[in-house]
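Working notes, beginning with the structure itself.
Since we're looking at a predicted model, the values are computed, not measured. Every heavy atom of this structure was used, including side-chain atoms; hydrogens, water molecules and symmetry mates were not.
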Number of protein chains: 2
Amino acid sequence: MPPTRAARRPAATELPAEPTQARRFGKARTAQSTALLEDYAELIADLLASGGEARPTDIARRLGVSHATAIKTIARLKREGLATARPYRGVFLTEAGEALAARVKSRHRLVVDLLRAVGVPSEAAEQDAEGIEHHVSDTTLLAFGRFLKAHG
Amino acid sequence: MPPTRAARRPAATELPAEPTQARRFGKARTAQSTALLEDYAELIADLLASGGEARPTDIARRLGVSHATAIKTIARLKREGLATARPYRGVFLTEAGEALAARVKSRHRLVVDLLRAVGVPSEAAEQDAEGIEHHVSDTTLLAFGRFLKAHG
DNA sequence: AACTAAATGTAGCCTAGGCTACACTTTGGC
DNA sequence: GCCAAAGTGTAGCCTAGGCTACATTTAGTT
Ligand SMILES: [Mn+2]
Ligand SMILES: [Mn+2]
Ligand SMILES: [Mn+2]
Ligand SMILES: [Mn+2]
């Protein structure tokens, strides 16, 4: 049996166990990587619903990025089967894309509503929801819904 | 006066005005870029408090990334004046780093508490807070505090 | 004190997501 | 119908943040 190295210091007491914490951080990283796709899907659905078209330039303007950046992300949406695009003709959502957009939109609304229900001013609620929404699990969403039903 | 191009389609009605929406997305992107630094600062502070040392390998294990990744991010912390490190001797926080860690830690706790107060189960609250915390503004934090004082 | 395992650091690779610059289509105003 | 302005697409650059592979240093056991 090879000699085992002694622990260099006593185990931490206040932190979550290592694997637990690592799993949490990992999930948060995953959520982050899908956040952008979610925002695009939601925005494209809104543009299609309200104006009939979702053009790269419109998308870029709404997001505050360059049109080149928008086009690249649209390419990722296509790669992941969420959107299609005909050159010079705008962007469309696949079924998967529409489903994602619907989920994201309802989640966005629910997050804003919950924030407002606990007393967050409108503009802050709208602002913070834009980031928060991507990290709200189904479990949490359910709790939000119940809370709003009871109060609100 | 050069001819101006007519709008290609009517303005959307349900979306926030363009500059507003772009500003929101931009802020969310900024929050995202500081999220990792916040998590590192918080974790390093916890490790220092509980064990006296914050070693790259410990940090990496806790975060669920390779030690090489942790070392690179620690380099960024140093670049941004949040941490110092003596080779083979661990990582330390500067005053700015400690201040950040303190803010982040209290915000983390407050977010978890609020989620639980509105009925989110513990584990989901802990999980989701890890991502949500980075998108909670001071305004929202204040509202959370008031809510918890009232209910809770 | 030597030896070996662990920790640490470095190098190099990849992808995502920003950007600017430039080329090519489309289209509205004349 | 022309043609300039707007929109679209492509290329090439950058940084952040992952990774693996390998080199170097430290330290526990003997
Ligand atoms: Mn969002
Ligand atoms: Mn949204
Ligand atoms: Mn976090
Ligand atoms: Mn945290």
Connected hydrophobic set around V112(B), excluding itself, where side chains approach under 4.5 Å:
none

What integer distance in Å separates I71(B):CD1 from dA7(C):P?
12 Å

Does R61(B) make a side-chain N or O approach to OP1 or OP2 of dT8(C) shorter than 4.0 Å?
no

Which letter, B, S or -, goes with each nucleotide of nucleotides 17-22 of chain C from 5' to 3', with contact meaning a protein heavy atom under 4.0 Å?
SBBB--

If I take atom OH in residue Y88(A) and atom C1' in nucleotide dT27(C), what distance separates them, rounded to the nearest angstrom?
13 Å

Whole-Å distance between dT26(D) C1' and R86(B) CZ?
14 Å

Which residue pairs pass the ring pair (Phe, Tyr, Trp, His ring centres under 6.0 Å) test with at least one member in residues 14-47 of chain B, sequence neighbours excluded?
none

Only counting residues at least two apart or in another chain, list the ones meeting side chain to side chain donor-acceptor pair (under 3.5 Å) with E133(B).
H108(B)

Considering residues at least two apart in sequence or located in another chain, which fulfil the side chain to side chain donor-acceptor pair (under 3.5 Å) criterion with K105(B)?
D46(B)

If you link I, L, V, M, F, W and Y whenever their side-chain heavy atoms are under 4.5 Å apart, who else ends up in the same group as V120(B)?
L110(A), V111(A), L114(A), L115(A), V118(A), V120(A), I132(A), V136(A), L141(A), F144(A), F147(A), L148(A), L110(B), V111(B), L114(B), L115(B), V118(B), I132(B), V136(B), L141(B), F144(B), F147(B), L148(B)

Could you tell me how far apart L77(A) (CG) and dG9(D) (P) are, to the nearest whole angstrom?
13 Å

Applying side chain to side chain donor-acceptor pair (under 3.5 Å) to R29(A) and not counting sequence neighbours gives none

Contact residues, residues 130-137 of chain A to DNA chain D [heavy atom, < 4.0 Å]
none

Side chain to side chain contact (heavy atoms under 4.5 Å, CB included) for T34(A) and H134(A)? Distances and angles first, verdict last.
CA-CA 8 Å; T34(A) 60; H134(A) 308 288; 5.9 Å; no

Looking at residues at least two apart in the chain, or sitting in another chain, which of them share a ring-ring contact (aromatic ring centres under 6.0 Å, His included) with H135(B)?
H135(A)

Rounded to the Å, how far apart are K78(A) NZ and dT8(D) P?
13 Å

Which whole-number value in Å describes the distance from R89(B) CZ to dT25(D) P?
13 Å

